[in-house]
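Position 1 is the first residue of the sequence, and the numbers go up from there.
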Amino acid sequence: MQAPYKNINEVKQRTKSLFGLACNSCENVNCLIKRNLTALERSNFTGKKNDIKCKKGQQFIIEGAPVNGLFFILKGTVKVFRTGINGREQIVRFAKEGEIIGHRGFGTEEYYSIGAIALQDTVLCYFSKNDLQEALLADSRFSYDMMLFYANELNRSESKVKSISQMTVRERVIDTLLYIHRKFGDLKGFLNLPLSRREYADYAGTTEEQVIRAFSALKKEKLITAKGKKIGINDIQLLKKEISEHNYFLDT
């Protein structure tokens, strides 16, 4: 992951320079489009993309809205969620550079089953539904790569549901901390994705009060440190060991 920015002006300058960036100049080597760039450029598919700037806190996918394309994160961090019982928000995942947003509804449903909000200033690459369908029909390698992507997504989703259903609240909170750590890393001793206690709860499938109690217990055991929204993991191996029977490597 790229080194953190020193101030907000650096973030804005970096975001501005990325706007309109051609796919062949993109540094997100794990992006599905980037991996298939040679084949896709023959049909000028990448020339049809649109760049979208999102400010921190801006929602760019509304749950229930018609599906009209896919979003690829060029720069930034995104929260993907869906509405549960009694309107309660359930965070599905946190996404970063190179990842796809909105794929669960593409090709199978007419409406997005999730919503998505930028957690920081973000630049998105957008490809329309029609352009993507044409590219998939025209290039078998791209279609195969997309099929593998969906297969892996389904496998992770099914495995995670099974594992989470067998976890205690404490184990789900630990699982969330480890997920954030392995995906976003550390910044000066704290997880490089500051979240509210409510967001931790919405991802772990519990309540804010239970997250606070779990954090309090983990702090007393000196397994984590906390400073406002910042959480640091003091002994990652002990946390891994505590939920090892549930296979914490389920989601990356």
Side-chain angles (χ1 to χ4, degrees), residues 1-6 27-31 73 75-81 89-101 117 119-120 122 148-149 151-252:
M1 189 172 181
Q2 184 169 333
Y5 303 116
K6 295 179 181 179
E27 298 178 356
N28 295 327
V29 294
N30 292 322
C31 174
I73 304 176
K75 186 64 185 176
T77 307
V78 170
K79 175 174 70 174
V80 182
F81 65 93
E89 182 180 289
Q90 176 65 54
I91 296 177
V92 177
R93 64 189 175 106
F94 297 97
K96 62 179 183 178
E97 291 92 340
E99 295 192 40
I100 305 174
I101 306 294
I117 295 175
L119 293 178
Q120 58 185 208
T122 298
L148 291 180
F149 165 75
N152 290 331
E153 281 284 297
L154 179 60
N155 181 58
R156 280 199 296 265
S157 179
E158 290 180 341
S159 298
K160 188 172 181 63
V161 168
K162 179 181 178 181
S163 181
I164 290 297
S165 67
Q166 300 171 348
M167 284 182 175
T168 64
V169 170
R170 176 186 169 101
E171 287 172 337
R172 292 203 299 270
V173 171
I174 291 174
D175 175 74
T176 301
L177 290 170
L178 292 174
Y179 161 67
I180 299 299
H181 178 268
R182 66 181 175 271
K183 187 157 190 172
F184 296 96
D186 286 322
L187 175 61
K188 297 181 179 180
F190 294 99
L191 296 178
N192 197 15
L193 181 65
L195 300 172
S196 67
R197 302 301 189 261
R198 179 60 182 268
E199 287 172 320
Y200 276 107
D202 288 343
Y203 181 82
T206 184
T207 66
E208 189 174 353
E209 292 74 19
Q210 288 176 317
V211 167
I212 292 172
R213 285 197 290 270
F215 279 178
S216 179
L218 292 170
K219 284 192 292 183
K220 287 181 180 179
E221 297 167 35
K222 300 188 184 303
L223 292 173
I224 67 170
T225 55
K227 185 178 181 182
K229 292 177 67 174
K230 296 180 179 180
I231 301 294
I233 297 178
N234 298 332
D235 197 327
I236 193 168
Q237 295 305 321
L238 280 179
L239 291 184
K240 289 180 182 179
K241 183 177 180 181
E242 186 162 340
I243 64 169
S244 59
E245 64 184 83
H246 299 291
N247 187 2
Y248 89 101
F249 290 105
L250 286 174
D251 198 357
T252 56

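I174 approaches L239 most closely through the heavy-atom pair CG2-O, 3.7 Å. Residues K183 and F94 come closest through the heavy atom pair NZ-O, 2.6 Å. Nearest heavy atoms, K222 versus N234: O-ND2, 3.3 Å. Closest heavy-atom contact between G98 and N28: N-ND2, 3.7 Å. Contact detail for I233 and H181: the closest heavy-atom pair is CD1-CB, 3.9 Å. The nearest pair of heavy atoms linking Q90 to G205 is OE1-CA, 3.9 Å.
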Run L119 and E199 through side chain to side chain contact (heavy atoms under 4.5 Å, CB included) and show every step you take.
CA-CA 11 Å; L119 293 178; E199 287 172 320; 4.0 Å; yes

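Under the 3.5 Å distance criterion, the side-chain polar atoms of N152 are matched with a main-chain donor or acceptor of L148.
The shortest side-chain heavy-atom distance between D186 and L191 falls under the 4.5 Å cut-off. Taking 4.5 Å as the limit, every side-chain heavy atom of M167 sits out of range of all side-chain heavy atoms of V173. You'll find the side chain of Y203 stays beyond 4.5 Å of the side chain of I180, heavy atoms only. Between T122 and Q120 the shortest side-chain heavy-atom distance falls below 4.5 Å.
Between the NZ atom of K96 and the NZ atom of K75 there is a distance of 10.0 Å, given to the nearest 0.5 Å. The line from OG1 of T168 to CG of D175 is 10.5 Å long, rounded to the nearest 0.5 Å. Atom NZ of K229 is separated from atom CG of L193 by 9.0 Å, given to the nearest 0.5 angstrom. Between the CD atom of Q237 and the CG atom of L223 there is a distance of 12.0 Å, given to the nearest 0.5 Å. Rounding to the nearest 0.5 Å places OG1 of T225 at 11.0 Å from NZ of K230. Note: C31 SG to I73 CD1 = 10.0 Å, rounded to the nearest 0.5 Å.
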Show me, pair by pair, the donor-acceptor contacts under 3.5 angstrom made by side chains of residues 210-221, not counting sequence neighbours?
unit_1: Q210; atom_1: OE1; unit_2: T206; atom_2: OG1; d: 2.1
unit_1: Q210; atom_1: OE1; unit_2: T207; atom_2: N; d: 3.3
unit_1: Q210; atom_1: OE1; unit_2: T207; atom_2: OG1; d: 3.3
unit_1: E221; atom_1: OE1; unit_2: R170; atom_2: NH2; d: 2.8
unit_1: E221; atom_1: OE2; unit_2: R170; atom_2: NH1; d: 3.1

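Among residues two or more places apart in sequence or in another chain, the side-chain hydrogen bond (donor to acceptor under 3.5 Å, both in side chains) test is passed with R198 by D202. Legend: residues meeting side-chain hydrogen bond (donor to acceptor under 3.5 Å, both in side chains) with E89, ordered by chain and number and at least two apart, are K79.
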